[in-house]
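I have placed the structure first, in the form of structure tokens, so that the comments after it can refer back to it.
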Amino acid sequence: MNSRFRKSLSCILSLLIVTSMFLVSSCSILGGDTKEKDKEESKSDSDKLADIDFALFTDSVTSDSLTFNLTVENPEALDIAMDEVTFGDVDEDSYLEKTEKNTEYQDQLEEIDYDKLTEQEQIEYDVIEYDLNEALAYEDYFYYSSPFNSITGIQSNLPLIMPEYTLATKEDVDDYLLLLTDFYRYYQDLMTVEQERADRGFGASDTVLDATIASCQSFLDDEEDCFLISSFAESLEGVDGLTDEEKESYIEQNQSILDEYVFPAYQLLIDGFTDLKGQGENDGGLCNFENGKEYYELLLKTETSSDMSVDDAISYVDDAIDGYIDVITQTNTDDAFWTSYDSYSFSMGTIQENLDYCESAIAEDYPAIMDHNVTLKEVPEALQDYFSPAAYLSCKIDDPSENLIITNPSAMDGDQNVLETIAHEGYPGHMYEAIYHAEHIASYYQRTASFIGYAEGWAECAGEDVLKSAGYDEDLVNYVYAENKILNILIPARIDIGVNYEGWTYDDCIDYIEQYGLSEAYYSEYAQYCYDRAIEIPCYVMPYCFGYLQTKEIFEDATDSVDSDVTQKDIHEAYLDIGAAPFPIIEKYMDEFIENNE
């Protein structure tokens with residue numbers, strides 16, 4: 001699966017269901033004296049909404065220093081600043097403090113006259129209202145999730161993101177080094193929460209702990225040649241005004257801090273997770289915890305960016321599998337087909353050549369975006385076993401001109417479908433969407449909040465669009481695409497529901513998979529993979545699965561309903577102009593678009 005990297009630590013942690021983004025910022029519209037309240041009441045409804053939007057954005061980007069640096073190019077122009085250099089707080093008190101603050105934002109929102117807002121402001125209002133309601137629903141579930149796992153865990157993602165910290169001035173370098181010293185404190189605080197989770201009966205199984213320990217050990221195994229050494233030295237070359245002596249001094253400081261704080265922080269994690277072994281009381285899914293089914297229902301809605309019920313989700317999956325099986329069974333699979341199938345490669349050459357092809361391929365059906373730069377970077381070898389094939393690190397909110405796509409050589413080597421992967425991350429996928437929204441969406445909140453079902457749905461459809469228009473044999477593409485959808489997202493999604501909501505065991509997964517005619521040698525290993533993933537990262541596959549199914553349904557409905565003069569570019573533009581949002585809101589405004597263009 002392609003995992004989108006958001007532009008900041010708090011968004012990464014949001015995707016991993018950590019709570020650092022729930023910190024309180026001093027930059028808030030809440031509270032204040034009587035004069036300030038009178039001034040607030042005299043504002044227009046549009047201004048009140050803009051204040052709430054910006055305050056929510058500010059709360060997020062000032063929650064930690066990495067978020068702040070990666071999200072904002074020119075904080076002075078936005079009149080925001082960090083009070084200290086930190087990765088932020090992760091304890092339950094901070095989580096509950098943010099919950100209380102969200103309630104106050106909700107009260108502020110209710111004072112706005114919705115009918116006095118423009119349509120774009122009404123979209124913004126709808127999104128904030130929806131998201132606040134959802135955030136408040138998590139109030140009692142702090143201990144149900146963990147930021148650590150072997151695939152998308154913070155222990156892998158955080159060091160990978162650190163080299164992207166912008167170093168433009170000496171002050172940036174000093175802050176970066178100071179932030180490195182916070183690794184140990186930050187991981188120590190996270191481990192305190194992990195112990196509290198275990199004490200409350202939410203501890204991870206030994207299988208999950210072993211996988212997480214292995215990912216931490218992989219980072220330490222490369223200690224002498226750690227990429228945080230070379231990347232820092234390279235970044236110093238872009239800092240104006242540094243003498244050679246200053247560069248050498250900074251390099252020595254970096255090494256000393258890695259040795260004193262960062263590497264010991266990973267040993268701390270290894271020791272902590274080792275101590276937690278045997279304390280996990282649940283070897284199955286979330287439904288085995290008290291109120292686990294209720295938590296899963298909420299998590300499903302978050303990860304699908306929808307108000308989808310579990311029953312609806314099951315029906316969605318079953319219908320989609322049936323449809324793709326029809327595609328497979330109706331394909332003429334003669335000898336010539338199997339010859340092509342055994343050797344197909346959907347790729348235009350190098351990663352850069354695939355990216356260039358995607359950019360040119362979408363010109364007719366997608367609106368143009370501003371001039372921009374794209375940097376391609378490879379995942380450090382130490383993290384390749386614990387990273388997805390590719391990821392996009394989003395542009396800064398006030399400067400969409402610089403963009404980064406990270407690829408994983410070990411995962412991409414031998415990949416038969418490089419083109420779709422690069423389309424998913426680049427054009428017209430995550431990168432294209434981020435740049436378009438930076439140009440056209442005024443809401444700071446919509447541009448930085450995480451609507452992962454929306455994001456992955458758009459990117460999945462983007463990959464499909466490019467692949468199916470690339471001139472490959474249509475029967476082969478449709479067959480491979482159907483097969484991949486069934487095996488990579490649909491069956492895993494159904495098993496995720498089965499394990500986490502219905503209490504399926506490994507044997508139940510075997511029984512479910514058997515009906516699809518896979519060989520016994522394959523399906524036992526595949527069932528174990530799906531079962532383990534569902535336990536380690538509940539709902540991991542849901543943004544890809546249901547994001548794709550819902551996005552595709554919206555586009556197909558629009559295409560079938562609008563006047564013949566309306567182009568695919570018009571439909572894509574209408575969709576993008578709504579901005580990132582949960583699907584109920586997307587559907588509301590796309591329905592309006594259809595009504596106006598029938």
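Source: prediction; values computed, not measured.
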Original post:
Are Tyr432 and Leu576 side-chain neighbours, meaning at least one heavy-atom pair lies under 4.5 Å?
Top reply: yes
Subject >> Listed partners of Asp182 passing salt bridge (charged side-chain N to carboxylate O under 4.0 Å, His left out), at least two apart >> reply: Arg185
Original post:
Is there a donor-acceptor pair closer than 3.5 Å between any side-chain N or O of Ser60 and the backbone N or O of Phe57?
Top reply: no
Original post:
Does Trp458 reach the main-chain N or O of Pro428 with its side chain, forming a donor-acceptor pair under 3.5 Å?
Top reply: yes
Subject >> Aromatic ring proximity Tyr444/Phe54, centre distance under 6.0 Å >> reply: yes
Original post:
Does the separation of the ring centres of Tyr187 and Phe87 fall below 6.0 angstrom?
Top reply: no
**OP:** Mark yes or no for whether Asn133, through its side chain, and Glu129, through its backbone, hold a donor-acceptor pair below 3.5 Å.
**Re:** yes
Subject >> Residue pair Thr86 / Asp64, side-chain donor-acceptor N/O under 3.5 Å >> reply: no
Original post:
Phe451 and Tyr454: ring pair (Phe, Tyr, Trp, His ring centres under 6.0 Å), yes or no, with the steps?
Top reply: CA-CA 5 Å; Phe451 301 102; Tyr454 170 93; 7.5 Å; no
Original post:
Among pairs that include at least one residue of residues 249-261, which meet salt bridge (charged side-chain N to carboxylate O under 4.0 Å, His left out), considering only residues two or more places apart or in two chains?
Top reply: none
Subject >> Point-to-point distance, once rounded to the nearest 0.5 Å, from CG of Asp59 to NZ of Lys101 >> reply: 3.5 Å
Subject >> Straight-line distance of Asp83 CG to Thr62 OG1, nearest 0.5 Å >> reply: 8.0 Å
Using distance only, find each side-chain donor-acceptor pair of residues 272-279 under 3.5 Å and give its atom names and separation, not counting sequence neighbours.
residue	atom	partner	partner atom	Å
Thr274	OG1	Ile270	O	2.6
Lys277	NZ	Asp210	OD1	2.8
Gln279	OE1	Gln195	NE2	3.1
Gln279	NE2	Asp275	O	3.0

Original post:
So, for Tyr143 and Phe202, is the gap between ring centers shorter than 6.0 Å?
Top reply: no
**OP:** List in chain and number order the residues that pass salt bridge (charged side-chain N to carboxylate O under 4.0 Å, His left out) with Glu124, two or more places apart in sequence or in another chain; answer none if no residue qualifies.
**Re:** none
Original post:
If we ignore angles and hydrogens, is there a donor and acceptor under 3.5 Å between the side chains of Asp221 and Gln217?
Top reply: yes
Subject >> Backbone N/O of Ser150 and side chain of Glu536: donor-acceptor pair under 3.5 Å >> reply: yes
Original post:
Short question: side chain of Thr375, backbone of Leu404 - any donor-acceptor pair under 3.5 Å?
Top reply: no
**OP:** For Asn408 and Gln384, indicate whether the former's side chain and the latter's backbone hold a donor-acceptor pair under 3.5 Å.
**Re:** yes
Original post:
So, does Tyr125 use its side chain to make a donor-acceptor pair with the main chain of Leu109 at under 3.5 Å?
Top reply: yes
Original post:
Can you list the residues that meet the salt bridge (charged side-chain N to carboxylate O under 4.0 Å, His left out) rule with Glu224, with sequence neighbours excluded?
Top reply: none
Original post:
Quick one: do the Asp496 and Tyr296 side chains pair a donor with an acceptor below 3.5 Å?
Top reply: yes
Subject >> Donor-acceptor contact present, side-chain Asn354 to main-chain Thr350, <3.5 Å >> reply: yes
**OP:** Kindly say whether the aromatic ring centers of Tyr427 and His372 come within a distance under 6.0 Å.
**Re:** yes
**OP:** Return each pair, listed once, that meets salt bridge (charged side-chain N to carboxylate O under 4.0 Å, His left out) where at least one residue sits in residues 192-208; pairs must be two or more places apart or across chains.
**Re:** Glu194-Arg197
**OP:** Sort and list the pairs that fulfil salt bridge (charged side-chain N to carboxylate O under 4.0 Å, His left out) and have at least one residue in residues 137-164, not counting sequence neighbours.
**Re:** Glu164-Lys377
Subject >> Note, Phe219 side chain near Leu228 side chain (heavy atom, < 4.5 Å) >> reply: yes
Subject >> Side-chain donor-acceptor pair present, Gln446, His437, cut-off under 3.5 Å >> reply: no
Original post:
Taking only residues two or more places apart in sequence, or in another chain, which ones meet Ser215 in a side chain to side chain contact (heavy atoms under 4.5 Å, CB included)?
Top reply: Gln155, Ser156, Thr212, Tyr386
**OP:** Please identify each residue that fulfils side chain to side chain contact (heavy atoms under 4.5 Å, CB included) with Glu281, with sequence neighbours left out.
**Re:** none
Original post:
Looking at CG of Leu180 and OH of Tyr165, how far apart are the two atoms once the value is rounded to the nearest 0.5 Å?
Top reply: 9.5 Å
Subject >> Check: Thr71 side chain, Thr67 main-chain N or O, donor-acceptor pair, under 3.5 Å >> reply: yes
Original post:
What about the rings of Tyr184 and Tyr261, do their centers lie closer together than 6.0 Å?
Top reply: no
Original post:
So, Asn149 and Tyr540: side-chain donor and acceptor under 3.5 Å apart, yes or no?
Top reply: no
Subject >> Point-to-point distance, once rounded to the nearest 0.5 Å, from CD of Glu433 to OG of Ser394 >> reply: 8.0 Å
Subject >> Tyr138-Tyr95 aromatic ring centre distance below 6.0 Å >> reply: no
Original post:
Could you give the distance from OH (Tyr436) to CD1 (Ile441), rounded to the nearest 0.5 Å?
Top reply: 7.5 Å
Subject >> Those residues that, when tested against Glu73, pass salt bridge (charged side-chain N to carboxylate O under 4.0 Å, His left out) (two or more places apart) >> reply: Lys396
Subject >> Non-neighbouring partners of Ser249 that pass side chain to side chain contact (heavy atoms under 4.5 Å, CB included), sequence neighbours left out >> reply: Gln253
Original post:
Can you name the residues that form a side chain to side chain contact (heavy atoms under 4.5 Å, CB included) with Thr169, not counting sequence neighbours?
Top reply: Glu171, Asp172
Original post:
Ignoring hydrogens and geometry, is there a side-chain-to-backbone donor-acceptor pair from Asn500 to Pro538 under 3.5 Å?
Top reply: no
**OP:** To the nearest 0.5 Å, tell me how far Lys48 NZ sits from Asp51 CG.
**Re:** 10.0 Å
